[in-house]
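What follows is one structure encoded as structure tokens, with my remarks underneath.
Note that the structure is a prediction, hence the values are computed from the model and not measured. Naming convention: chains lettered A, B, ... in sequence-line order (proteins, then strands); numbering from 1 in each chain.
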There are 2 protein chains.
Amino acid sequence: MSGRPAPRSRRETRAVVLETLLRRGGAFRPHIARDAQLTEASVSRILAELRKEEIVDEIRQPAPYAGGPTALITLSNNIYVAGIELSNNRLSFSIGDVSGTIDYVERVPVSPQLDQAEFERIFTGCLATMGKWTAKRGVSVRQAAFSLPGYSNANTNPIFPWDMERLRSFLSDTMQGVPLSITNSVIAQAAFHRYSGNSSYPATGDHLFLFVGHGVAGVIVNESATIEAFSPFELGHMVLERNGLACRCGHHGCLEAYTSLRAISKIVGVSETEILQRGDRFLDQLELKAETREQLRERLFLLGLGTGNALNLHPLPSVVISGWPSLLAPEDRQAIIEGMNESLLGGFDAKRMQVSFIAPSIGTDPQAALNYAAYCFVRAGGLDTRAEERHVEENA
Amino acid sequence: MSGRPAPRSRRETRAVVLETLLRRGGAFRPHIARDAQLTEASVSRILAELRKEEIVDEIRQPAPYAGGPTALITLSNNIYVAGIELSNNRLSFSIGDVSGTIDYVERVPVSPQLDQAEFERIFTGCLATMGKWTAKRGVSVRQAAFSLPGYSNANTNPIFPWDMERLRSFLSDTMQGVPLSITNSVIAQAAFHRYSGNSSYPATGDHLFLFVGHGVAGVIVNESATIEAFSPFELGHMVLERNGLACRCGHHGCLEAYTSLRAISKIVGVSETEILQRGDRFLDQLELKAETREQLRERLFLLGLGTGNALNLHPLPSVVISGWPSLLAPEDRQAIIEGMNESLLGGFDAKRMQVSFIAPSIGTDPQAALNYAAYCFVRAGGLDTRAEERHVEENA
DNA sequence: GCACACTAATTACACAGTGTAAATATCAAG
DNA sequence: CTTGATATTTACACTGTGTAATTAGTGTGC
């Protein structure tokens, strides 16, 4: 640990310290020092600053071993953030603390074909309601996050084909001062898995997280990077069968046309809305006929094929799959492996590629956006984002 | 330009200054200051340091306008770097200066099925020859780069299925102190386009660079990022036709099975080795029959389909294609657009997607690796890489 | 040929952010 | 209540930069 590796601005340093706290849900100084690559001295200074600003709390805690640390540092539970999620069937607003605890929530059903004007109307309404809630309690929201499926910085969205420029300016006007980050739902999900404190997440290193629901969305999770650096990986519209099934995007043979909830709802004979009502365990309640299972396996095979294709483009050692495939029996899910075996370079090899499944989180929205908002707050070092929005360059 | 944006280590600052010089092939102080986001004062200090170390030269030059700058700063032409390239038909060694001028070159034919032991034998031999050349002239190589197709940090390579761990340790042992970077050929190509001073490159912003040769390799070029941050995007083994043509990788229906030089050599009736001999313009010399052209268009359609799939995963506004497709008539190349139109979300739209072609650089190896080596030298701030290889973290 | 307007280039000084090392605090166990 | 072990704070030094004052070039117009 010799030299002086890479200097950081105070904001960055605060951000890494706070992120450690968010990730671990509290830590002792020595841990923070290691995680943040700082000396105890620096940690001490930073924490003194953060404590004065009431961003962190220090809980006196008997040392767990002789001569051990005496104070557990946690994020203050008086910091409120807002999470807003748009999914294919509803728009949800929430307020909670940075640990992800929800104090307020409102959910409004919307149509998957929701148009932009209607969205703006509903959004404005919900925001007003939320504003009343905060006003009554005198709480101030430090950071908000809005997640929607398919979002990217590019000006196109496969799910809601809106004018993203207009969306951004609508939101920044409407939020009136509260810093707002917009992100892809699947990235918010990744934030949820990283920060929710649920330690049962199956992958530890870099991996591809895939969510198979209305669409097929993925995100490249780089364990050692900040969440902003994650790239969404929209798998749903990879054409795998020329002249195959028609997809809502107008093309034929897209993966989504085979594996979306809508597509499989026809196979299992349950309407899409009913699936959403039954929530997480909708497949459990069904007695799947052998023929149905075979059809589902065929779909999973395609999912595997597409996933393998994606991993050929961008090699990663592990995939975590969430969504309806996680509800099937392991022997059925094996079809995904078979599909990957036919596209993944060198074939599927369990030594080089780990595939895991996690329960789909249907209906937990807007939990993920709330976690993402907490992340954004922390990333900004707990400082007001509005102030330093001026790193503009002026090339000749 | 108010506050103190993001502090940098001296090494980083030197790196950005040197990179500006590499990119522009020389610049005046005010330009450097703008590009590197530094004040004139800092530029002055850094340059004084670099001049003392004989890394940069200062050429007295009459100012181009009233009161203009007086000294043009360039990279010293006494810095030698080595570029080594392995392609599917030869291994080439070169030494040159950071501007990319080649002073020494040796090329040895190798087989596309070259095995790792044989490679090591040839490499050692060429390196010895190169060593004699440098010894005779008393030049010392400051940085070397080795590029090979399909390379990634992952331990697999679609082209040369070797043990990458062994390759890396072989190279670091063999190079005896000369810092060596290993990279994907397509990334070296990107370095070539960025630093060769050839300004006719068609894309200016972020784009996908695709090279269609023995394989189909791509790289996501992020104009505002360092080259290390570029991701290789191996398109060749995307399965587009289940039960399609057999590919050398053992799968069926890979893009490469349809569009590699080997695949089209069968269509045009010219052997692969002959194509390589004829070099860049091999297709010009052929009188393509209508039927042949139709077959090639079919192949290009698949290339477009796969490219569209890749761009759905990772949206970018522009694609630059190099390789044999660039040699065809524009009306034939239109098939690529047609393919993209069937996979790219929302269809192909010239307003949102720019497709350009550049002449393939067959036979210019190891120029690209040499440019990449220069880039690596500059990125390290012109400091010895060996010294500070110790940013290891030790998490509990 | 010389003052001028203008910009370039250098330098002294101040300040932010950190690490080092010394000083001080805390706890468990005897 | 001392000891051993680690935690925490603090004073000081060092790096890298920006600011602002200073010095140096250059072309124009007289």
Side-chain angles (χ1 to χ4, degrees), chain A residues 1-18 26-52 56 58-73 381 383 388 390-391 393-394 396, chain B residues 1-18 26-52 56-73 381 383 388 390-391 393 396:
Chain A
M1 278 302 121
S2 51
R4 241 159 275 267
R8 288 181 283 217
S9 68
R10 192 51 135 232
R11 181 188 213 98
E12 286 170 303
T13 310
R14 288 166 59 116
V16 294
V17 168
L18 290 173
F28 294 103
R29 280 180 170 76
H31 296 150
I32 299 172
R34 272 198 298 275
D35 278 17
Q37 308 237 74
L38 283 167
T39 55
E40 305 269 349
S42 297
V43 171
S44 187
R45 276 187 296 254
I46 300 283
L47 288 180
E49 205 176 286
L50 292 171
R51 204 172 31 197
K52 195 173 293 168
V56 302
E58 206 167 317
I59 300 166
R60 255 198 107 63
Q61 224 187 47
Y65 54 93
T70 72
L72 180 69
I73 316 291
L383 297 163
E388 12 259 297
R390 58 192 57 196
H391 290 320
E393 64 270 67
E394 327 173 331
Chain B
M1 278 301 123
S2 53
R4 240 161 273 268
R8 287 182 282 216
S9 68
R10 193 51 135 231
R11 182 188 211 98
E12 286 170 302
T13 310
R14 288 167 59 118
V16 292
V17 168
L18 290 174
F28 294 103
R29 279 180 171 75
H31 295 150
I32 298 173
R34 270 198 298 276
D35 277 18
Q37 308 238 71
L38 283 167
T39 55
E40 304 268 351
S42 295
V43 171
S44 187
R45 276 187 296 253
I46 300 283
L47 288 179
E49 204 177 285
L50 292 170
R51 203 172 32 196
K52 193 173 294 169
V56 302
D57 282 339
E58 207 167 314
I59 300 164
R60 254 197 108 63
Q61 221 186 54
Y65 55 95
T70 72
L72 180 69
I73 316 290
L383 297 163
E388 14 259 294
R390 57 193 57 196
H391 290 320
E393 64 269 68

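The salt bridge (charged side-chain N to carboxylate O under 4.0 Å, His left out) check on B/R29 picks up B/E58, with sequence neighbours excluded. In this view, A/S44 satisfies the side chain to side chain contact (heavy atoms under 4.5 Å, CB included) rule with no residue, not counting sequence neighbours. Partners of A/R8 by side-chain hydrogen bond (donor to acceptor under 3.5 Å, both in side chains), not counting sequence neighbours: none found. Among residues two or more places apart in sequence or in another chain, the salt bridge (charged side-chain N to carboxylate O under 4.0 Å, His left out) test is passed with A/E40 by none. Here B/S42 pairs with B/T39, B/R45 under the side-chain hydrogen bond (donor to acceptor under 3.5 Å, both in side chains) rule; sequence neighbours left out. With sequence neighbours excluded, the residues forming a side chain to side chain contact (heavy atoms under 4.5 Å, CB included) with B/A27 are B/L21, B/R24, B/H31, B/I32, listed by chain and number.
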Show me the protein contacts with nucleotides 10-12 of chain D, counting only N or O atoms at under 3.5 Å.
none

Nucleotide N/O of nucleotides 22-24 of chain D paired with protein N/O under 3.5 Å:
none

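Nucleotide C/dT7 holds its P atom 13 Å from the NE2 atom of B/H31, rounded to whole Å. Residue B/R34 contributes atom CZ, which lies 12 Å from atom C1' of C/dT7 at whole-angstrom precision. Rounded to an integer number of Å, the gap from A/F28 CZ to C/dT26 P is 16 Å. Remark: C1' of C/dT10 and CD1 of B/I46 are 14 Å apart, rounded to the nearest angstrom. To the nearest angstrom, C1' of D/dT17 lies 16 Å from CZ of A/R10. Distance CZ (B/R14) to C1' (D/dT15): 14 Å, rounded to an integer number of Å. Note: CD1 (A/I32) to C1' (D/dT8) measures 12 Å, nearest angstrom. Regarding A/E12, its CD atom lies at a distance of 14 Å from the C1' atom of D/dG16, rounded to whole Å.
In this structure, B/A48 reaches neither bases nor backbone, as no heavy-atom distance under 4.0 Å exists between it and the strands shown.
Heavy atoms only, all atoms of each residue included: A/A36 and A/V16 are closest at CB-CG2, 3.9 Å. Minimum heavy-atom separation, A/V56 to A/L47: CG2-O, 4.3 Å.
Counting only heavy atoms from C-beta on, B/T13 has its side chain closest to D/dG16 among D/dT8, D/dG16, C/dT18. In this structure, of C/dG17, D/dT8, D/dT17, it is D/dT8 that holds the atom nearest to the side chain of A/R29. The B/R60 side chain lies nearest to D/dT26 when the options are C/dA9, C/dC27, D/dT26. The B/L38 side chain lies nearest to D/dG18 when the options are D/dG18, D/dA7, C/dC27. Closest contact between the side chain of B/T70 and the listed nucleotides D/dT17, D/dT8, D/dT26 involves D/dT26. The B/P30 side chain lies nearest to C/dA8 when the options are D/dT17, C/dA8, D/dT8.
Within the 4.5 Å cutoff, the side chain of A/D35 has no heavy atoms near those of the A/V17 side chain. Residues A/F28 and A/I73 are not in side-chain contact: their nearest non-hydrogen atoms beyond the backbone lie 4.5 Å or more apart.
Considering only side-chain N and O atoms, B/R11 lies nowhere under 4.0 angstrom from the phosphate OP1 or OP2 of D/dG16.
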